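Bear in mind that the values here come from a model prediction, so they are computed numbers and not experimental data. Quick note: numbers below take in every heavy atom, side chains included, and nothing from hydrogens, waters or symmetry partners. Sequential numbering from 1 along the given sequence is applied to the chain's residues.
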Amino acid sequence: MHQTLRHLIEQHVVTDDDALILAAFLQNDIRHVCQAIRDVRSGVVVYQHVTLRFGSRGEQSVYSFDLSDGMRFSLDLYSLYLALRQSRFQIDTFHPDLVSDVVVPVDANALIWSTGQHALTQMLQLDKAAFSFLIPSLQINVSDEAQPRLVSLLATLRVRSAALWFDISIPCHHIELMKRHRPDRVKLAITLASKQDRSGLLPLIRFFRSHRLPWVAGRISSQSELNQFRLLGASHYFGYVSDIPTSLSFKGFDNPDTSQNVE
């Protein structure tokens with residue numbers, strides 16, 4: 001599977017930044033950083049949130065570069081695969097009570113892309129048990145013509161994964177979609193320092209409350225901000241107020257003992 005994704009990334013170099021990302025990938029310099037998602041009241045770790053970074057300290061987001069659509073989609077598939085490996089590692093290493101669900105942000109367009117559909121099918125076939133501990137957090141900015149494929153994707157993920165989240169930002173244009181296809185949770189990454197974010201947040205809070213839809217606050221940078229999001233109704237949070245993202249690494253992909261079920 002890793003070789004398949006490597007070839008996919010190599011095939012989608014269009015921009016100069018695509019080439020930069022490919023070079024980092026070939027040096028095994030692109031990996032997940034992991035942050036705990038905690039209960040807002042107890043502070044107990046409930047989920048693990050992973051995102052792709054590169055650099056010696058995992059300080060740079062791969063998505064902050066000028067990437068072609070094909071490269072972005074390929075990286076999202078790679079991120080999902082790494083999350084699958086992390087889930088398998090937990091299953092094989094930890095006591096069952098200590099295995100955490102892994103939240104992985106994914107652009108829905110990457111999974112309704114014909115290549116992405118095939119890759120998702122392969123991952124499900126490789127390790128259904130590990131996939132059942134993943135929580136895809138879908139970014140759902142898809143075209144109208146792609147809606148039927150999105151609906152099919154949502155149905156598949158509801159059955160195969162631990163839960164289904166929507167990953168939204170402000171301004172949010174997905175209220176109707178959330179009404180029709182209610183996610184288990186919504187992840188919202190904003191900053192209260194932004195006037196635009198603050199004004200766009202209130203309609204969402206009303207929607208969450210009226211539909212009893214739990215939501216997760218991201219990018220929390222201070223105790224004061226955490227207190228405000230707690231009062232607004234967030235059920236969980238993650239951010240620098242409590243946890244610095246930790247870089248994850250596994251054995252080399254060419255090592256046959258890396259994983260029992262994922263190759």
Side-chain angles (χ1 to χ4, degrees), residues 1-2 5 28-54 57-59 75-106 111 119-138 156-165 167 183-185 187 189 214-220 226 234-263:
M1 189 72 206
H2 179 263
L5 293 171
N28 199 29
D29 198 23
I30 293 181
R31 61 189 65 184
H32 272 157
V33 295
C34 184
Q35 256 183 316
I37 297 180
R38 298 176 178 271
D39 182 279
V40 292
R41 299 193 180 280
S42 68
V44 171
V45 176
V46 183
Y47 310 103
Q48 298 292 337
H49 182 271
V50 293
T51 50
L52 280 185
R53 295 286 189 271
F54 83 98
R57 296 183 301 277
E59 68 275 13
L75 289 171
D76 271 9
L77 296 173
Y78 182 63
S79 180
L80 187 63
Y81 171 65
L82 287 184
L84 187 67
R85 286 171 55 87
Q86 179 180 346
S87 179
R88 170 47 57 188
F89 174 79
Q90 290 190 97
I91 292 170
D92 292 342
T93 306
F94 302 152
H95 185 279
D97 293 342
L98 299 178
V99 177
S100 299
D101 290 338
V102 180
V103 178
V104 52
V106 182
L111 299 179
L120 176 61
T121 299
Q122 286 185 298
M123 290 185 217
L124 290 170
Q125 291 173 344
L126 280 172
D127 201 336
K128 293 179 181 178
F131 205 98
S132 70
F133 285 92
L134 298 189
I135 300 179
S137 185
L138 290 184
T156 297
L157 294 178
R158 285 188 193 281
V159 172
R160 299 301 186 90
S161 57
L164 177 64
W165 293 10
D167 201 320
D184 296 296
R185 227 172 269 279
K187 181 163 73 72
W215 59 284
V216 179
R219 299 181 186 172
I220 304 300
L226 174 58
S235 61
H236 298 78
Y237 78 96
F238 67 99
Y240 290 93
V241 67
S242 57
D243 300 283
I244 302 299
T246 302
S247 180
L248 297 177
S249 61
F250 299 92
K251 295 178 183 179
F253 285 104
D254 55 351
N255 189 324
D257 296 325
T258 296
S259 161
Q260 291 182 1
N261 295 314
V262 181
E263 58 185 46

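When all heavy atoms of A130 and I91 are compared, the closest pair comes out as CA-CD1, 3.7 Å. Shortest non-hydrogen contact noted between C34 and Q86 is SG-NE2, 4.1 Å. For A217 against A234, the heavy-atom pair with the smallest separation is CB-CB, 4.2 Å. Of all non-hydrogen atoms in A36 and F238, the two that sit nearest each other are O-CB, 3.2 Å. Of all the heavy atoms in A83 and H32, the pair that sits closest is N-CE1, 3.5 Å. Pairing each heavy atom of P183 with each of R158, the nearest pair is N-NH2, 4.2 Å.
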Worksheet item: Checking side-chain contact (heavy atoms from CB on, under 4.5 Å) for the pair Y47/V216: CA distance, chi angles, key distance, verdict?
Response: CA-CA 11 Å; Y47 310 103; V216 179; 5.7 Å; no
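The residue from V102, D101, L84 that alone fulfils the side-chain contact (heavy atoms from CB on, under 4.5 Å) condition with F133 is D101.
Separating the OH atom in Y237 from the NE2 atom in H49 is a distance of 14.5 Å, to the nearest 0.5 Å. The distance from atom OH of Y78 to atom CE of M1, rounded to the nearest 0.5 Å, is 11.5 Å. To the nearest 0.5 Å, the span separating OG1 on T121 from CG on L126 amounts to 11.0 Å.
Using a 4.5 Å heavy-atom threshold, the side chains of F131 and S161 count as touching. Looking only at side-chain heavy atoms (C-beta outward), L82 and V50 stay at 4.5 Å or farther from each other. Residues L111 and D76 form no side-chain contact, since every pair of their non-hydrogen atoms from C-beta on lies 4.5 Å or further apart. Contact check for I135 versus R185: no side-chain heavy atoms found under the 4.5 Å cut-off. The shortest distance between side-chain heavy atoms of T156 and L124 falls below 4.5 Å.
Checked against side-chain hydrogen bond (donor to acceptor under 3.5 Å, both in side chains), T51 has the following partners two or more places apart in sequence or in another chain: R53.
Panel note: side chain S132, backbone A162; no donor-acceptor pair is recorded below 3.5 Å. The backbone N or O of W165 lies less than 3.5 Å from no partner atom in the side chain of D184, so there is not a single donor-acceptor pair.
Aromatic ring orientation, H2 versus Y81: tilted (interplanar angle from 30° to 60°).
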Extract all donor-acceptor atom pairs below 3.5 Å that involve side chains of residues 37-46 and protein atoms in other chains or at least two apart in sequence.
from	atom 1	to	atom 2	distance (Å)
R38	NE	D243	OD2	2.8
R38	NH1	G43	O	2.7
R38	NH2	D243	OD1	3.0
D39	OD1	R41	N	2.8
D39	OD1	S42	N	2.9
D39	OD1	S42	OG	3.4
S42	OG	V44	N	3.2

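Residue-environment remark: CZ (F94) exceeds the threshold of 12 foreign heavy atoms within 6.0 Å.
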